[in-house]
There are 2 protein chains.
Amino acid sequence: MAVTIKDVAKVAKVAPSTVSRVIADSPRISEKTKKRVREVMVELGYHPNLIARSLANQSTQTIGIVFPNSGDLAFQNPFFSEVLRGISEELHEKHYVLQMTTGKTDEEIFDDVVKMVQGKRVDGIILLYSKVDDPVTDFLLEKNFPFVVIGKPNEKAEQITHVDNDNITAALDGTNHLLHFGHERIGFIGGNKNLMVTLHRLEGYKKALEEANIPIREDYIIHEEFLLEGGQEAVKELMTLQKPPTALLVVDDLMSLGVLRTIHGMGLEVPKDISIVSFNNALFAQLATPPLTSIDIHILDLGVEAVKHLIARIENPKEPIKRIIIPHDLLVRSSSDFCIEKTNH
Amino acid sequence: MAVTIKDVAKVAKVAPSTVSRVIADSPRISEKTKKRVREVMVELGYHPNLIARSLANQSTQTIGIVFPNSGDLAFQNPFFSEVLRGISEELHEKHYVLQMTTGKTDEEIFDDVVKMVQGKRVDGIILLYSKVDDPVTDFLLEKNFPFVVIGKPNEKAEQITHVDNDNITAALDGTNHLLHFGHERIGFIGGNKNLMVTLHRLEGYKKALEEANIPIREDYIIHEEFLLEGGQEAVKELMTLQKPPTALLVVDDLMSLGVLRTIHGMGLEVPKDISIVSFNNALFAQLATPPLTSIDIHILDLGVEAVKHLIARIENPKEPIKRIIIPHDLLVRSSSDFCIEKTNH
DNA sequence: TTGTAGGCGTTATCAG
DNA sequence: CTGATAACGCCTACAA
C-alpha cells in the first residue's frame with residue numbers, strides 16, 4: 001500500500017488534516033510545521049492520491065474530448081492531430097488532464113459521454129464536431145454540463161459556447177484570390193454535405209461568384225468524402241466537361257492531394273492548366289507538388305481557445321455563452337496562378 | 001447532488017450493499033430484488049460514481065498514453081493518429097478508458113507520468129516512443145508499474161514488454177525490391193538518428209546492399225528530421241553527385257512527399273528518373289503524385305497489440321514479458337519501377 | 001495554529 | 001439471500 005497522508009502525519013507528529021493543509025499550502029499553518037511536514041513527505045516519498053482527492057473535492061481536473069463518429073478515415077485527417085495538440089498544450093498550461101472517448105459508432109460515443117459525465121470522471125467536455133440532431137449535445141445541454149464545441153452547432157448555437165472560423169468569409173477570400181487571377185470558371189470540391197464546414201465554405205464560394213456576377217454552375221460543384229477511388233472519377237468528369245474549370249476551390253488539403261494526383265494523371269499541370277486553392281494548411285500542404293496555396297484556419301488556436309473558455313466556464317458557472325471566431329489567412333504558394341486563357345487575350 | 005447508491009437503497013427498501021451487489025450482478029441476490037432495485041435505478045436515474053468506485057477498488061480502468069517530446073512537428077506525423085486509433089479501438093473493446101500526457105518537454109512528460117502513476121489515475125501505461133536514457137522507462141521499471149512500449153526499448157528490452165516491427169527486415173525488403181528492379185545506386189533518407197526505427201532501417205538497407213555485393217556509399221545516406229527547408233538542400237546535393245542514386249529508400253511517407261517535391265523541382269521524374277520506396281503507408285501515400293510504393297507496417301495493429309498485452313499484464317501481474325513483432329508488407333505502387341540505365345543496356 | 005470527526009460514493013468482509 | 005460496518009485517501013467544518 002502506498003504512503004498516505006496518515007503515514008506522513010504520524011511521522012511528522014501532526015494530524016492528517018495538518019498535512020492536508022500543508023499540501024494546499026494553507027496560510028493558517030506555521031512555516032515551521034510546513035517545513036517539517038514537507039521534509040517528511042519527501043522522506044517517505046509521499047504523493048497525493050488524486051482519485052481520493054477528486055472524490056472529496058467533487059472535481060477531477062480532467063476534461064473529456066469527444067471525437068466524431070470517425071468512419072475510420074476521417075480520423076486520419078491531420079485536423080484532429082492539430083486541434084488535439086492545441087487542446088493538449090492549453091490543458092497542460094491550466095493543469096488539467098485529458099481523457100478521450102473511444103467509441104466508434106454514434107451510440108458508443110453517446111455512451112462514452114454519459115459515462116464520463118455521470119461517472120463524474122470529467123469536469124467538462126469538448127466536442128470536436130457538430131452535426132444535426134446530435135443526442136450528445138442535447139444531453140449536455142439538458143444536464144447543464146460545461147462543454148464547448150469546435151465548429152458551429154447546427155442548433156441552439158446561441159446557447160452553446162463554440163469556437164469556429166468564419167468559413168464563409170474564408171471561402172470567399174479563397175475564391176476571390178482565384179478571381180483576381182482572372183479565373184472565371186471555378187469549381188468547388190467539398191466534403192461531407194452534413195458537416196457545417198462544407199456548407200459554409202460552399203456558401204462563401206457562391207457568394208464570391210455572385211459578387212463577381214459570375215453565374216453558379218451546379219456541375220462545377222462536387223461533394224466527396226475523400227478522393228480515393230470514387231472521388232477521382234468525379235474530378236475527371238468535372239475536368240472533361242465541355243468548358244472545364246480553370247481553377248478549383250478544394251475544402252481540405254488531403255482532398256487536394258487526391259485532386260492533384262488525378263489532374264496529373266490526366267496529363268494536366270498545376271497551376272499552368274488549373275489552379276488550386278486548398279484549406280487547412282496541413283504540414284503536407286507545403287510538401288505537396290506543387291506546394292499548395294492553402295487557407296490556414298489556425299487549427300491549433302481552435303483547440304487552445306476551446307480549452308480556455310471551457311475552463312473559464314468550469315471555474316465560473318455563470319460565465320456567459322460565447323462565440324469565438326478564429327481568424328484565417330490565405331497562404332499563397334505555387335498551386336494558384338494567373339488564368340492562362342485570360343492572359344492570352 | 002447526484003443520486004447515489006444510498007438513495008436507491010432507501011427507495012427500494014434494501015441496504016446500500018445490496019444495491020452494490022445488484023450493480024455487480026452478484027449471483028447471491030434473488031432475481032426478484034434485482035429486478036426491483038434495477039427498476040428504482042432507472043426511476044431515479046442512477047449512475048455509479050466511477051471515481052468513488054476507483055477509490056474503493058484501487059483500479060481506474062484507465063490507461064495512460066505517453067507521447068514523445070514532440071518537438072511540435074513530430075506530432076503531425078500520421079503515425080500517431082494511427083497508433084492512437086488502434087489503441088483507442090482496443091481499449092474500447094476492453095472497456096478501458098484513455099488518458100494522455102500533455103507535457104511538451106522531457107521534464108514535463110516525466111512529471112505527467114509520475115502524477116498519473118503516483119496519483120493512481122491509471123492502471124497502466126503505453127509509451128509511444130523509445131529513446132536512450134529515458135527516465136520515464138526507469139521510473140516505471142523501478143515502480144514495477146504495468147507498461148508496454150511501442151518500438152524497441154534501447155535498454156533492458158528483455159525486461160519490457162514491447163510491440164515493434166522488424167524494421168531491419170522491412171528495410172531489407174524495400175531495398176531488395178529496388179535491387180530487383182535493377183537499381184544499384186540506392187540512396188537512404190532517414191529521420192532522427194536517435195530513434196531506434198531509423199537505426200534499424202538503416203541497418204536493413206545496408207544488409208541488403210551487402211548481400212547484393214554492392215558497396216555502401218556514405219554519401220548516399222542522409223538524415224533529416226523533416227523535409228521542409230533544410231532537408232531539400234540535402235536531397236539536392238544527393239541528386240547532383242557525379243553518380244546520383246537511381247532509387248531512394250525513404251523512411252517516412254511525410255518525408256517522401258518532400259522528396260517528391262524536391263525531385264520534381266529539379267526537373268526529374270518519379271519513377272522514370274528515380275524510384276522511391278517509402279515507409280508507413282499513410283493515407284496520403286496513395287494520394288501522392290505518383291502514388292507511393294510504401295511499406296505498410298500496420299501501425300494500427302501496433303496500437304491494438306500494445307493494449308492487449310498491457311491489459312493482460314494489468315489483470316495478471318505474473319504475465320511474462322513479451323516481445324511482439326507486427327508483420328509488414330510492401331505495397332507496390334507507382335513510385336518504383338525498373339532502373340532505366342539498366343534496361344538500356 | 002492545530003486536532004477531531006464526518007463525509008465524498010463505493011466495495012468488501014462479516015454476520016445473520 | 002441480505003444487512004451492518006469498515007475501509008479506500010483526502011478535505012473541511014467545527015472545536016480547542
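Convention: sequence-line order gives letters A, B, ...; per-chain numbering from 1.
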Chemist: Taking the nucleotide of DNA chain D with the nearest heavy atom to each, does B:Pro27 or A:Lys6 sit closer to the 5' end?
Modeler: B:Pro27

Chemist: Just compare D:dT2, D:dT12, C:dT10 and give me whichever is closest to any side-chain atom of B:Ser30.
Modeler: D:dT2

Chemist: May I have the distance from A:Arg121 (atom CZ) to C:dT10 (atom C1'), rounded to whole angstrom?
Modeler: 14 Å

Chemist: Does C:dT11 have its OP1 or OP2 closer than 4.0 Å to a side-chain nitrogen or oxygen of B:Gln58?
Modeler: no

Chemist: Does anything in residues 136-155 of chain A pair up under ring-ring contact (aromatic ring centres under 6.0 Å, His included), and if so which pairs, sequence neighbours excluded?
Modeler: A:Phe110-A:Phe139

Chemist: As a test of reading the structure: which of C:dC14, C:dT2, C:dG9 is closest to the side chain of A:Arg28, going by heavy atoms?
Modeler: C:dT2

Chemist: Looking at every heavy atom in both A:Ile5 and A:Pro16, which two are closest together, and how far apart are they?
Modeler: CG2-CB, 4.0 Å

Chemist: Under a 4.0 Å heavy-atom cut-off, which of residues 15-25 of chain A touch DNA chain C?
Modeler: A:Ala15, A:Ser17, A:Thr18, A:Arg21

Chemist: Considering residues at least two apart in sequence or located in another chain, which fulfil the side-chain contact (heavy atoms from CB on, under 4.5 Å) criterion with A:Leu44?
Modeler: A:Val3, A:Asp7, A:Val8, A:Val11, A:Val40

Chemist: Using atom CD of B:Glu31 as one end and atom P of D:dC1 as the other, report the distance to the nearest whole Å.
Modeler: 9 Å

Chemist: Look at all strands and tell whether A:Ile5 reaches a base, only sugar-phosphate, or nothing, counting heavy atoms closer than 4.0 Å.
Modeler: sugar-phosphate

Chemist: In whole angstrom, give the distance that lies between atom CD1 of B:Ile29 and atom C1' of C:dA12.
Modeler: 13 Å

Chemist: Does anything in residues 135-155 of chain A pair up under salt bridge (Lys or Arg N to Asp or Glu O under 4.0 Å), and if so which pairs, sequence neighbours excluded?
Modeler: A:Asp138-A:Lys156

Chemist: Which residue lies toward the 5' end of DNA chain D, B:Ala56 or B:Thr33, if each is placed at its nearest nucleotide?
Modeler: B:Thr33

Chemist: Taking only residues two or more places apart in sequence or in another chain, which ones pass side-chain contact (heavy atoms from CB on, under 4.5 Å) with A:Leu195?
Modeler: A:Asn192, A:Val197, A:Thr198

Chemist: Listing request: all salt bridge (Lys or Arg N to Asp or Glu O under 4.0 Å) pairs with a residue in residues 106-115 of chain B, at least two apart in sequence or in separate chains.
Modeler: B:Asp106-B:Lys131

Chemist: Taking DNA chain C as the partner, which of residues 41-54 of chain A come within under 4.0 angstrom of it by heavy atom?
Modeler: none

Chemist: Start with the C-alpha distance between B:Arg36 and B:Glu39, add both sets of side-chain angles, then the distance that settles salt bridge (charged side-chain N to carboxylate O under 4.0 Å, His left out), and finish with yes or no.
Modeler: CA-CA 5 Å; B:Arg36 194 175 68 234; B:Glu39 281 167 4; over 6 Å; no

Chemist: Could you tabulate the donor-acceptor pairs under 3.5 Å formed by side-chain atoms of residues 119-127 of chain B, not counting sequence neighbours?
Modeler:
from, atom 1, to, atom 2, distance (Å)
B:Arg121, NH1, A:Thr60, O, 3.0
B:Asp123, OD1, B:Thr60, N, 2.9
B:Asp123, OD1, B:Thr60, OG1, 2.9
B:Asp123, OD2, B:Thr60, N, 3.1
B:Asp123, OD2, B:Gln61, N, 2.8

Chemist: I'd like to check the ring pair (Phe, Tyr, Trp, His ring centres under 6.0 Å) partners of A:Phe67; sequence neighbours left out, ordered by chain and number.
Modeler: A:Phe75, A:Phe80

Chemist: Mind checking what makes side-chain contact (heavy atoms from CB on, under 4.5 Å) contact with B:Glu319, not counting sequence neighbours?
Modeler: B:Ala312, B:Arg313, B:Asn316, B:Lys322

Chemist: For a quick test of your reading: what N or O donor-acceptor pairs under 3.5 Å do the side chains of residues 24-31 of chain B make, sequence neighbours left out?
Modeler:
from, atom 1, to, atom 2, distance (Å)
B:Asp25, OD1, B:Lys34, NZ, 2.8
B:Asp25, OD1, B:Arg38, NH2, 3.1
B:Ser26, OG, B:Arg28, N, 3.1
B:Ser30, OG, B:Thr33, N, 3.2
B:Ser30, OG, B:Thr33, OG1, 2.8

Chemist: For the helix from C:dT1-D:dA16 to C:dG16-D:dC1, how many degrees between its two end axes (five pairs per end), to the nearest 10°?
Modeler: 40°

